[in-house]
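Every chain is numbered from 1 and lettered A, B, ... according to where its sequence line falls, protein lines coming before strand lines.
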Amino acid sequence: MTISTYHISKDLMLEEAELIKASKKDPARFAPLYERYHEPIFRFIYQRMDDKDQAFDLTAQVFLKALSNLHRYEDKGVPFASWLYRIARNEVYQLFKDRKAVRTLNIESVQITEMFSEMEAQNTEEHHRLLLDTIKDLPDDDLQLIEMRFFESKPFKEIAEILAITENNAKVKLYRILDRMKLMFQQKSKAL
Amino acid sequence: MKPGKINMDRKKISSEEIASKRNFEDLLKAHKKRRPFYLSFWFIGLAGLSLLSIIAISTYRTEQRVKLTLKPEAGQLQLTKFVDLPMKNVQIPFEEFSVDAKAGGKITSASGSMIIIPAQAFVDPAGKMILGKVDIRYREFRDAVDFFLSGIPMGYDSAGAHYQLESAGMMEIKASQNGTAVQMAADKKIEIRMVSAHEGTHYNMYELDTVGRNWIYRGKDKIEEIDKIKMPRLINGSQHSAELTLRAFGFSIGKIIYVSSPFQNLVLDQEYAPGLYLPKGTVVDLKVGRGGEEDLDSASYSYPGVDVAFEGDNSEITKVKTEIATIEKTKPVKPVKAKNERYRFNVDVDPNEFPEMYEYKNLLFEVGPENKTFNQSLYQIEWDNVSMSYGKPGINYNLTFTKSGKSQTFSVYPVYEGKDSVAVMKVYRDKFRQYEVKLKDRKEKEKKMEEEWKRQQEEWAKEQKKRQQEWEEQQKAWKKKDEDWMKAKANLGTAEVIRVFSISNFGIYNSDCPVQYKDQATVAAIFKAGNDRFFGDIFHIEKSRNTLVKIYNYDSESPVVNYNKSGRNILFTVIDKETLALFDENDFASMSKDVKKYSFLMKKSDKKFNTPEDVRAFLLPAKENVAK
């Protein structure tokens with residue numbers, strides 16, 4: 001079960017804060033946080049990679065890094081999960097940069113349908129192919145937003161926290177990306 | 001970062017599977033191995049370079065500047081690889097085999113270990129049963145050098161305690177089809193019968209879990225003692241051998257052929273299986289059959305095809321050649337017009353003897369000008385006999401006159417008188433035409449026969465060459481089998497038992513005894529390779545223990561060496577991934593036994609290591625009394 005980190009109660013957030021404080025003194029107290037976020041972090045990583053074993057290794061790496069750098073973490077009213085996601089994102093991209101893994105997009109057909117709906121385009125086989133081409137041609141920053149919104153179904157608030165931007169900014173960025181995609185898509189269609 | 005790959009509707013991974021990979025204990029252990037970042041050398045160093053050098057000097061308390069090599073990258077915290085190959089170019093090689101997936105089969109490794117694969121044991125990643133040939137790769141790790149080269153961890157964590165694993169033998173097995181890994185069917189097990197130099201029931205079976213980063217306990221293996229039946233070997237590639245039918249383990253192993261001098265009347269070479277270990281109680285039926293009576297020790301086999309002479313028949317060619325010679329001899333001589341000044345004879349020619357003369361009318365024979373002794377008086381003599389014979393073919397004839405035992409021979413030429421020229425030339429032309437046709441026919445026949453003869457000879461030569469090659473290849477194969485047998489025999493010397501266990505997955509399995517060493521000396525260590533301070537994995541072997549201890553040596557804080565004071569110890573490390581530095585047994589012996597802190601100066605080898613044998617020869621020189 002994937003926990004939606006942005007719907008945790010205030011009580012749960014307070015509990016997390018206490019756990020983090022205790023973990024800074026005694027790393028063994030980190031266990032509940034590890035148990036809670038292991039799966040979502042793994043899924044975040046695996047969403048971007050092809051190799052499952054490598055994703056598991058990297059997940060372990062993320063938590064090791066988190067535990068080892070916990071002394072740096074400050075509660076600024078941002079969920080602890082977003083800090084973990086940022087570490088995960090950095091680790092994944094470092095792997096791509098070091099050419100130790102292939103940047104992969106994992107998409108479900110139903111998500112493509114959603115995108116077509118947003119782009120106000122028809123979902124045909126031809127358009128399907130064009131859309132994938134368009135997605136592949138996106139700059140990485142744009143791709144990350146599309147990925148988190150459409151392929152991981154993350155709410156804007158969560159996307160904003162991970163990317164360290166405002167929620168409104170996340171929304172505006174996404175719709176601009178969709179507009180650009182529509183244009184690219186139309187140009188590709190005409191070229192056929 | 002543009003995506004290199006897009007997966008559509010990839011198979012989802014379940015929460016259960018993700019949960020199975022969670023291990024907080026591992027995370028905690030990994031974290032504990034590393035000091036917090038704020039206490040790391042680099043964090044202190046961030047306060048300023050001068051402060052850095054002051055701290056460096058004061059930390060190491062040396063008057064000399066030392067070169068520091070931090071590994072991994074300073075300030076970065078990394079999980080080390082679980083199976084960490086220290087020398088990627090030096091590996092224990094796999095043996096490669098094939099089995100039929102439907103039928104299963106038995107594999108015997110060079111060491112004598114056996115792998116028994118049941119029928120229909122393999123499935124593809126989707127769980128579908130596989131048919132056809134499956135490739136099996138198998139290798140064993142027997143001693144500390146093997147463990148070192150494998151990179152396989154020899155530590156085991158259980159219930160919060162750490163143990164060192166002393167091994168009775170470790171193996172790795174993989175299976176694939178057309179390059180794609182296959183799995184075992186859920187209801188099948190493969191039996192492994194691993195030879196081992198270690199007796200004892202205190203060993204357990206473990207399977208290496210590379211995801212969970214630990215060994216998984218899989219129960220106890222069964223032990224069978226080996227009855228070392230003397231296995232003779234093939235001598236000089238001789239085909240003479242004995243056939244042993246082995247019935248063991250409830251089914252027939254098959255026929256194994258060996259040579260031994262007591263055997264007489266032997267059967268010819270058949271299947272050869274090197275280094276088979278027979279458990280006690282194995283029934284061995286020795287069968288003997290036909291064979292030669294040569295002394296086996298000096299027997300050599302002459303392949304039947306090599307020295308055989310070419311047996312082609314060219315008598316027909318000889319016959320045709322004779323015919324051609326006969327035809328050429330009877331080449332028609334062109335008659336010429338008679339010369340008045342020359343002597344002539346009218347000769348009754350036998351057409352059977354001179355068929356080319358047949359049909360000529362009024363043909364005379366003129367004595368040639370080269371006959372200087374001929375004169376008219378010879379006409380007056382009544383000769384006892386006159387005979388004609390062939391002269392130069394196509395040119396003339398010889399006429400021989402005989403009286404009272406004396407002969408005179410003159411060369412004569414067929415001539416005609418003017419009025420007969422038309423008729424004579426017609427006959428000549430016809431005769432010559434016939435002659436040419438006949439000669440041509442025979443010559444063509446001769447040519448075909450000679451070509452056929454040449455072809456037969458070439459084929460024979462080719463066949464001989466092929467037989468010779470086959471013979472040489474067979475000898476090479478015998479020699480290889482002999483060498484394999486000798487290698488297995490070398491292992492035979494150290495093998496004591498067969499450890500039997502079953503596996504349900506492909507991977508790495510270990511027959512181990514987890515130990516926690518007591519009463520060891522403890523020394524805080526600084527390691528040097530050559531003259532430089534060295535940071536990197538350090539390996540410790542105590543020669544009476546079949547294990548390998550890996551010492552983590554990356555921090556500025558001294559790691560610790562725990563060792564058996566009365567044991568035979570060595571420490572070593574890898575330099576630049578291709579050579580080694582060693583603190584050998586003598587170095588250990590010269591170390592004071594009461595020392596609490598020590599600088600281990602490891603001597604670098606000046607050679608590169610290319611094979612496991614190179615490494616073993618360096619770390620454990622020949623005739624070492626090392627647990628194997």
Quiz item: Stepwise, does the salt bridge (Lys or Arg N to Asp or Glu O under 4.0 Å) test hold for A:R48 with A:E91?
Solution: CA-CA 11 Å; A:R48 287 151 179 77; A:E91 289 302 307; over 6 Å; no
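For chain B, the nearby parts of A:F63 are the backbone and the side chain; heavy atoms of each come within less than 4.5 Å. Of the two parts of A:L70, neither the backbone nor the side chain holds a non-hydrogen atom closer than 4.5 Å to a non-hydrogen atom of chain B.
Put simply, of B:N7, B:L27, B:T210, the one with the most heavy-atom pairs under 4.5 Å next to chain A is B:N7. For the options A:D53, A:V102, A:N106, heavy-atom pairs under 4.5 Å to chain B are most numerous at A:N106.
Judged as a ring-ring contact (aromatic ring centres under 6.0 Å, His included), and not counting sequence neighbours, the contacts of B:F539 are B:F148, B:F572. Here B:Y206 pairs with B:Y156, B:Y217 under the ring-ring contact (aromatic ring centres under 6.0 Å, His included) rule; sequence neighbours left out. B:F527 is linked by a ring-ring contact (aromatic ring centres under 6.0 Å, His included) to B:F600, counting only residues two or more places apart in sequence or in another chain.
Judged by the 6.0 Å distance and 45° axis criteria, A:R89 is not positioned over the aromatic ring of A:F44. Because its NZ or CZ atom is not both nearer than 6.0 Å to the ring centre of B:F506 and within 45° of the ring axis, B:K174 does not count as a cation-pi partner of that residue.
Of residues 169-182 of chain A, not one residue has a non-hydrogen atom less than 4.5 Å from any non-hydrogen atom of chain B.
Side-chain atoms of A:S82 and A:E158 form no donor-acceptor pair, as typed in the model, at a separation below 3.5 Å. For the residue pair A:S68 and B:H31, a side-chain donor N or O sits within less than 3.5 Å of a side-chain acceptor on the partner.
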